[in-house]
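One structure is given below, encoded as structure tokens.
As a basis for the values below, the full set of heavy atoms in this structure was taken, side chains included, without hydrogen atoms, waters or symmetry mates. Numbers restart at 1 for each chain; the letters A, B, ... are given by sequence-line order, proteins then strands. Computed from a predicted model, the values in this text were never measured in an experiment.
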Protein chains: 2
Amino acid sequence: MTGLHDVAKLSGVSKSTVSRVINNESGVKASTKEKVQKAIDACGYIANQVARDLQSQKTNLIGVIVPRMYSNATAKGLDGLSSIIDQAGKYVLLANSQQNHAQEIEYIKRFNQKRVEGILLYATHLDSALVDAIKQSKAPVVLIGQDGSLFNIPSVIYDDLSVGFSAGQRLFGAGASNIGFIGVNSQDIAVDQCRFEGLRQALQHTKQISPLFHSRGAFSIESGYQQTKQLLIDWPQLDGLFCATDRIAIGAMKAISESGKVPGKEIKVLGVGNDELSQVSTPSLSTFSYAFDLTGEKSANMLLDLIENKQSSVSKLVMSFEIIDRESCYLSENKTS
Amino acid sequence: MTGLHDVAKLSGVSKSTVSRVINNESGVKASTKEKVQKAIDACGYIANQVARDLQSQKTNLIGVIVPRMYSNATAKGLDGLSSIIDQAGKYVLLANSQQNHAQEIEYIKRFNQKRVEGILLYATHLDSALVDAIKQSKAPVVLIGQDGSLFNIPSVIYDDLSVGFSAGQRLFGAGASNIGFIGVNSQDIAVDQCRFEGLRQALQHTKQISPLFHSRGAFSIESGYQQTKQLLIDWPQLDGLFCATDRIAIGAMKAISESGKVPGKEIKVLGVGNDELSQVSTPSLSTFSYAFDLTGEKSANMLLDLIENKQSSVSKLVMSFEIIDRESCYLSENKTS
DNA sequence: TTGAAAGCGCTACCAG
DNA sequence: CTGGTAGCGCTTTCAA
């Protein structure tokens with residue numbers, strides 16, 4: 001690979017001058033500039049950013065760790081954050097942990113070796129090992145999707161407790177009173193625990209009742225389908241079902257339909273996420289909408305701020321949600337449209 | 001940031017020795033090793049990969065350029081390729097061109113400056129400027145989604161012509177004969193041109209007829225919906241509709257339903273991609289399934305091969321597809337289930 | 001088994 | 001306006 005040195009020789013000037021031309025610095029005679037430029041084109045010189053990065057102690061790299069790509073939250077989030085990072089003239093170094101917790105910690109370490117300037121971590125859990133790894137990280141970390149504020153970790157989270165609470169109220173308002181919950185896994189505080197807890201509080205608050213069950217499985221249509229098949233047998237009185245994600249809810253509705261009941265009628269169903277699936281299914285799915293792309297943008301901005309000022313102005317950002325009323329759970333006073 | 005130098009001072013040995021310990025080289029006295037290790041832990045030393053990369057002339061970076069994240073093809077593809085790249089001990093440097101062609105060329109240049117070892121490019125077009133940029137690239141480039149083999153660019157593509165041809169046969173077989181096509185934009189050879197051309201050939205071949213129209217729009221449900229609303233007015237005789245993607249098809253079916261006709265009955269509809277949406281919609285959508293994750297894996301493997309051997313064993317990989325029969329277009333002899 | 005010194009390709013500082 | 005020199009933090013000879 002041809003370097004600064006070669007260009008210098010070819011154009012008969014010093015490396016310093018070539019460097020000046022490349023960086024478009026002022027104070028270079030026009031004729032020299034031209035001469036050097038010619039040499040650069042001639043030998044197809046490409047500046048070595050690695051050397052520059054070493055010299056300047058600055059890589060312009062932002063590490064992003066996700067549990068999987070095939071998910072609305074991550075795909076849309078990445079669209080949002082990449083545009084902000086790009087605007088800031090920085091690069092995204094992407095790692096896919098594939099839901100493997102140990103990998104996340106490993107990536108934080110490797111990213112620090114690569115001297116990333118900051119890390120955005122889409123988390124599905126938060127145990128002490130992860131907290132330690134984040135604390136160890138020289139590069140500032142912004143947590144997305146789980147609340148790390150108790151450990152002083154800047155976080156961008158969804159208002160999961162409120163979503164759960166609101167879900168309880170909606171199901172109750174639609175006439176349901178035997179209500180169950182399908183979550184994911186207990187390690188996922190936000191999606192599994194908080195959403196359930198919100199539901200529990202809503203039912204407790206309004207009717208002094210408790211959820212019938214808290215089932216758990218994967219983030220997929222299939223998982224929702226399989227669980228619900230069994231749940232319908234175990235809980236024949238079920239008339240309201242809150243699912244931690246839209247995909248799970250879609251699967252659940254399929255199982256309900258197959259059992260001879262009508263989702264949205266005998267059994268009200270609610271999801272979370274406002275996946276495109278939810279508007280296309282039959283019946284269409286009532287859900288909650290999060291601005292995933294905005295979440296990505298906000299997180300990126302928060303991280304850039306942290307990198308710039310070594311101290312963030314905000315340490316926790318709670319993204320609000322929007323209620324999407326559709327056929328699977330119309331409120332009693334909202335039967336129109 | 002503490003460096004090799006500090007560790008050396010702290011442990012009273014030379015930088016060379018510390019380097020040996022870090023890289024776990026043989027030929028270091030156990031006692032020394034221990035002493036150094038202690039110092040490393042004490043000052044929280046983290047090896048500077050940037051310096052290493054400069055020295056070794058190897059970054060372990062693979063550049064990946066995508067037009068957008070929120071798409072089945074890219075999200076699943078990224079899941080596939082990231083696992084291969086990770087296994088190879090390399091990193092993904094991600095760039096999102098946001099459908100902006102000029103950006104793609106810019107990223108190829110910047111990736112070369114960052115000294116990536118290779119580039120995976122999810123392309124939606126292939127003009128001469130892009131071909132030039134690829135040719136200029138020192139890092140090998142593998143094109144995904146568009147055929148660059150004419151320009152000697154290693155490519156992994158979908159069998160779009162066959163998909164179009166098969167679509168024609170299926171629509172015809174289901175009883176349709178006034179058939180239209182909704183594509184994306186004419187720059188997208190693969191998705192827009194090839195799929196249409198396949199359809200055209202099928203109709204020509206079997207019935208000596210031509211497609212009614214070739215409409216164009218965006219990759220979204222909304223776009224399919226809006227286009228179809230108008231198309232139904234312009235072409236009242238329409239009884240078969242082939243859409244370049246499932247999302248477009250979903251939108252089209254909505255417009256058809258609203259017009260009082262039944263998709264899958266009066267008008268047969270076909271999509272491409274086997275999006276989760278397609279199995280959830282009503283009626284469920286007949287489509288073609290591509291193994292997007294496998295495509296990502298194959299592409300990554302092809303690139304790694306290219307990096308390793310400077311010469312690929314395969315220069316073009318055509319991913320096959322699977323026919324998914326659902327309600328929107330049952331073949332005459334396939335009315336069951 | 002260890003250390004000294006020479007770079008990797010670039011920028012930055014100081015002379016000229 | 002231009003060139004020499006000294007690093008950035010590491011690895012890698014070559015000696016000791």
Side-chain angles (χ1 to χ4, degrees), chain A residues 1-40 43-61 109-117 138-139, chain B residues 1-40 43-61 109-117 138-139:
Chain A
M1 183 66 77
T2 115
L4 212 47
H5 183 70
D6 309 73
V7 181
K9 263 199 312 194
L10 195 64
S11 52
V13 298
S14 74
K15 290 195 299 176
S16 317
T17 303
V18 178
S19 173
R20 290 186 184 106
V21 173
I22 287 165
N23 295 299
N24 206 18
E25 285 175 24
S26 59
V28 182
K29 217 195 323 181
S31 66
T32 318
K33 199 168 188 169
E34 198 178 336
K35 191 169 54 182
V36 172
Q37 192 58 55
K38 212 151 271 174
I40 290 174
C43 66
Y45 169 74
I46 301 173
N48 186 329
Q49 194 64 41
V50 181
R52 283 176 163 172
D53 290 353
L54 175 61
Q55 154 71 32
S56 65
Q57 302 284 68
K58 191 166 187 335
T59 57
N60 284 314
L61 241 37
K109 287 188 185 146
R110 284 166 52 175
F111 277 0
N112 270 283
Q113 297 197 157
K114 273 285 189 190
R115 292 298 189 267
V116 299
E117 301 182 350
K138 297 280 184 181
Chain B
M1 183 67 79
T2 119
L4 212 48
H5 182 72
D6 308 75
V7 181
K9 263 199 312 194
L10 195 65
S11 52
V13 297
S14 74
K15 292 193 299 176
S16 320
T17 304
V18 178
S19 173
R20 290 186 184 105
V21 173
I22 287 164
N23 295 299
N24 207 17
E25 286 176 24
S26 61
V28 182
K29 215 190 335 179
S31 65
T32 316
K33 199 170 189 167
E34 198 179 336
K35 192 170 53 181
V36 172
Q37 191 59 56
K38 211 152 271 173
I40 289 175
C43 64
Y45 169 75
I46 301 173
N48 186 330
Q49 194 64 42
V50 181
R52 283 176 163 173
D53 290 353
L54 176 60
Q55 155 71 34
S56 66
Q57 302 285 67
K58 195 169 184 331
T59 58
N60 283 314
L61 241 37
K109 288 191 184 141
R110 284 163 55 171
F111 278 0
N112 270 283
Q113 297 197 158
K114 273 284 188 190
R115 293 296 189 266
V116 299
E117 300 183 350
K138 297 282 183 181

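Contacts with DNA chain C (heavy atom under 4.0 Å) in residues 48-56 of chain B: B:Leu54, B:Gln55, listed by number.
Annotation for A:Lys29: atom NZ does not count as buried by contact number, only 12 or fewer foreign heavy atoms lying within 6.0 Å. Heavy-atom neighbours of B:Lys58 NZ from other residues, nucleotides or ligands within 6.0 Å: above the threshold of 12. Heavy-atom neighbours of B:Glu34 CD from other residues, nucleotides or ligands within 6.0 Å: at or below the threshold of 12.
The heavy-atom pair separating A:Thr32 from A:Val28 by the smallest distance is CB-CG1, 4.1 Å. Minimum interatomic distance between A:Thr59 and B:Lys114 (heavy atoms only, all atoms of both residues): O-NZ, 2.6 Å. Taking every heavy atom of both residues into account, A:Ala139 and A:Asn112 meet most closely at N-OD1, 3.1 Å. Closest heavy-atom contact between A:Asp6 and A:Thr2: OD1-C, 3.9 Å. Of all the heavy atoms in B:Ser14 and B:Ala8, the pair that sits closest is C-CB, 3.9 Å.
B:Thr17 comes within contact range of the sugar-phosphate backbone alone, with a heavy-atom separation under 4.0 Å but no base atom that close. Among the atoms of the strands shown, base atoms are found under 4.0 Å from some heavy atom of B:Gly27.
Distance check, rounded to the nearest 0.5 Å: OG1 of A:Thr17 to CD of A:Glu25 gives 10.0 Å.
Remark: P of D:dC1 and CD of A:Glu34 are 15 Å apart, rounded to the nearest angstrom. Going from atom NZ of A:Lys33 over to atom C1' of D:dT2 covers 15 Å, rounded to whole Å. Summarising the geometry, the separation between CG on B:Asn60 and P on D:dC10 is reported as 17 Å, rounded to the nearest angstrom. Distance, A:Lys15 NZ to D:dG7 P: 14 Å, rounded to whole Å. C:dG9 atom P lies 17 Å from atom CG of A:Asn23, rounded to whole Å. B:Arg115 places its CZ atom 9 Å from the P atom of C:dG9, with the value rounded to the nearest Å. Whole-Å rounding puts the A:Asp6 CG to C:dC10 C1' distance at 13 Å. For the pair A:Lys58 NZ and D:dG9 C1', the computed distance is 18 Å after rounding to whole Å.
Proximity of a side-chain donor or acceptor of A:Ser19 to a complementary backbone N or O of A:Lys15 within less than 3.5 Å is not detected.
In this structure, A:Ser16 does not reach the C:dA12 phosphate: none of its side-chain N or O atoms is under 4.0 Å from OP1 or OP2. Dashed line: the shortest gap from a side-chain N or O of A:Ser19 to OP1 or OP2 of C:dT11 is under 4.0 Å. For D:dT2, neither phosphate oxygen OP1 nor OP2 lies less than 4.0 angstrom from any side-chain nitrogen or oxygen of A:Ser14.
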For nucleotides 14-16 of chain D, which of its nitrogen or oxygen atoms have a protein nitrogen or oxygen under 3.5 Å away, and what is each distance?
none

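Comparing C:dC10, D:dG9, D:dC10 against the side chain of A:Leu4 picks out C:dC10 as the nearest.
For A:Tyr45 and B:Thr32, each mapped to the nucleotide of DNA chain C holding its nearest heavy atom, the one lying further toward the 5' end belongs to B:Thr32.
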